[in-house]
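Both backbone and side-chain heavy atoms feed into the values below; hydrogens, waters and symmetry mates do not.
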Amino acid sequence: MHVPEPYQVVKAFNNSVLLALQNGKERILIAKGIGFGRQVGDCLAADTPCEKIFTIDDAENSGRLRQLLGEISDALFITCENIIHMISRELGEELNEKIHINLVDHIAFMLKRLQSGDEISNPFQTEIEVLYKQEFELARKAVSMLEEDTKLQIPDGEIGFIAMHIHSARRSGQISQTIKCAFLANTIVDFLEEELQLEIDRQSLTYARFITHVRFTVERLLTNVPIQNELLATIKRKYKASFALAKQVGALIADELAMPAIPDDEVGYLTLHIEKLRTHQ
């Protein structure tokens, strides 16, 4: 039977957060007292009790983590790891290892900008809050933890940015798709406001349902999951103006995703949401 190798201590950040190597791979160990009295090179048994063990298996991520640790304070790394531990615990799932680099790097840069007096705003805050509710609430908790540890007041827009990092860590570790979805939702609503000559209430349930539908439309298109709309003929006949707008929205989505025109079945469902936006303001 294979016996796991012991951990070799790389650095004890405090009594609760420890960086170690096992089988040549970085391991971030979190447990009360685990770092107490530990020195570089010390060995810990592989079955040492831990609240959480985060693994960094990719060589590129490992190199970026080492570089990052040379640029930020131990105190900030401890705070970030406690935040990541909270997120993983609350979700009850493993996160992509890139969160230990991408989120930590983002927070470090954000704090530097705050200390320099730079203004931080998030143009997609409303969209992110609607599209990624669970991640947004966890990001709110993360910001509270940051404020408590750094004694800085962090702008609300930062909640949205952290939420995007959380969402990407639940998927492939790529944040670009999360940003793309928020950007696309914002672009579509701006387009509809101009075409319909009205201001869409971004706090309304109708708006929330619409951009949530846009998110799932994008996900279906990207994963090539077809959808059937048995009411399509009726929708086309009954809501001609909204269907025409939905076709244009479909073209915006297709253009952003660099794919052919989206199926009329999808356009039909978009039509129903657009009709509600027109009549429920």
Side-chain angles (χ1 to χ4, degrees), residues 90 120-144 154-168 170-171 175 177-222 225 227 229-232 234-257 262-281:
E90 295 269 331
I120 297 174
S121 61
N122 188 338
F124 308 127
Q125 183 82 343
T126 304
E127 285 76 21
I128 294 164
E129 184 173 5
V130 173
L131 291 171
Y132 310 112
K133 282 185 182 295
Q134 191 176 18
E135 291 89 340
F136 197 88
E137 288 309 309
L138 290 172
R140 201 189 296 278
K141 289 185 182 181
V143 164
S144 294
I154 295 170
D156 284 347
E158 195 54 41
I159 298 171
F161 289 126
I162 291 174
M164 288 195 293
H165 279 283
I166 296 170
H167 180 72
S168 73
R170 300 182 72 182
R171 304 298 176 111
I175 200 168
Q177 200 56 55
T178 313
I179 296 171
K180 183 178 283 188
C181 203
F183 169 78
L184 189 51
N186 186 275
T187 301
I188 289 168
V189 172
D190 284 349
F191 164 76
L192 290 174
E193 284 185 324
E194 189 172 333
E195 291 294 317
L196 297 171
Q197 291 295 292
L198 56 79
E199 186 176 338
I200 293 170
D201 180 5
R202 283 165 164 77
Q203 303 304 318
S204 69
L205 185 58
T206 304
Y207 169 81
R209 285 172 175 160
F210 174 64
I211 64 169
T212 300
H213 179 79
V214 169
R215 171 193 164 186
F216 288 117
T217 299
V218 169
E219 289 184 2
R220 280 194 298 273
L221 292 169
L222 289 172
V225 175
I227 191 170
N229 190 335
E230 294 178 0
L231 299 173
L232 183 59
T234 304
I235 291 168
K236 280 182 176 182
R237 186 179 67 253
K238 194 172 180 182
Y239 308 118
K240 284 190 172 73
S242 290
F243 187 81
L245 278 176
K247 284 291 267 187
Q248 290 178 271
V249 168
L252 284 173
I253 295 172
D255 185 60
E256 182 64 30
L257 301 181
I262 73 171
D264 271 3
D265 293 281
E266 290 284 8
V267 174
Y269 286 115
L270 285 169
T271 301
L272 295 176
H273 284 282
I274 291 170
E275 185 66 22
K276 285 178 185 175
L277 286 172
R278 294 179 64 174
T279 57
H280 287 73
Q281 291 299 310

Would [X] and [Y] pass as an ion pair if we require N to O under 4.0 Å?
X	Y	value
E219	R215	yes
E193	R202	yes
R140	D156	no

Within the 4.5 Å heavy-atom criterion, are [X] and [Y] side-chain neighbours or not?
X	Y	answer
L196	L245	yes
E256	F183	yes
V267	D264	yes
I188	I253	yes
Y207	E127	yes
K180	L257	yes
L270	I262	yes
F210	I274	yes

For the [atom1] atom of [X] and the [atom2] atom of [Y], what is their distance to the nearest 0.5 Å?
X	Y	atom1	atom2	result
L272	L277	CG	CG	11.5 Å
S242	K247	OG	NZ	14.5 Å
E195	L198	CD	CG	11.0 Å
L192	T187	CG	OG1	11.0 Å
L138	I162	CG	CD1	11.0 Å
M164	L131	CE	CG	11.0 Å

Quick check: closest heavy atoms across [X] and [Y], and the distance to 0.1 Å?
X	Y	value
Y132	C181	OH-CB, 3.5 Å
E129	K133	O-CG, 3.4 Å
I128	A163	CG2-CB, 3.9 Å
I166	A139	CD1-N, 3.8 Å
L221	P263	CD2-CD, 4.0 Å
T271	A246	OG1-CB, 3.3 Å

| E90 vs K141, salt bridge (Lys or Arg N to Asp or Glu O under 4.0 Å): CA-CA, chis, key distance, verdict | CA-CA 11 Å; E90 295 269 331; K141 289 185 182 181; 3.1 Å; yes

| said: Go through it in stages, so that I can follow the logic: the residues are L232 and F243, the test is side chain to side chain contact (heavy atoms under 4.5 Å, CB included), and I'd like the CA-CA distance, side-chain angles, deciding distance and then a yes or no. | reply: CA-CA 10 Å; L232 183 59; F243 187 81; 4.1 Å; yes

| What's the verdict on side chain to side chain contact (heavy atoms under 4.5 Å, CB included) for E194 and D190, showing C-alpha distance, side-chain angles and the deciding distance? | CA-CA 6 Å; E194 189 172 333; D190 284 349; over 6 Å; no

| Could you walk me through whether Q248 and L252 pass the side chain to side chain contact (heavy atoms under 4.5 Å, CB included) check? | CA-CA 6 Å; Q248 290 178 271; L252 284 173; over 6 Å; no

| Given the rule in the side chain to side chain contact (heavy atoms under 4.5 Å, CB included) test, do F136 and Q125 qualify, once you have shown the distances and angles that lead to the verdict? | CA-CA 10 Å; F136 197 88; Q125 183 82 343; 3.5 Å; yes

| query | Taking the side chain from S204 and the backbone from D201, do they hold a donor-acceptor pair closer than 3.5 Å? | reply | yes

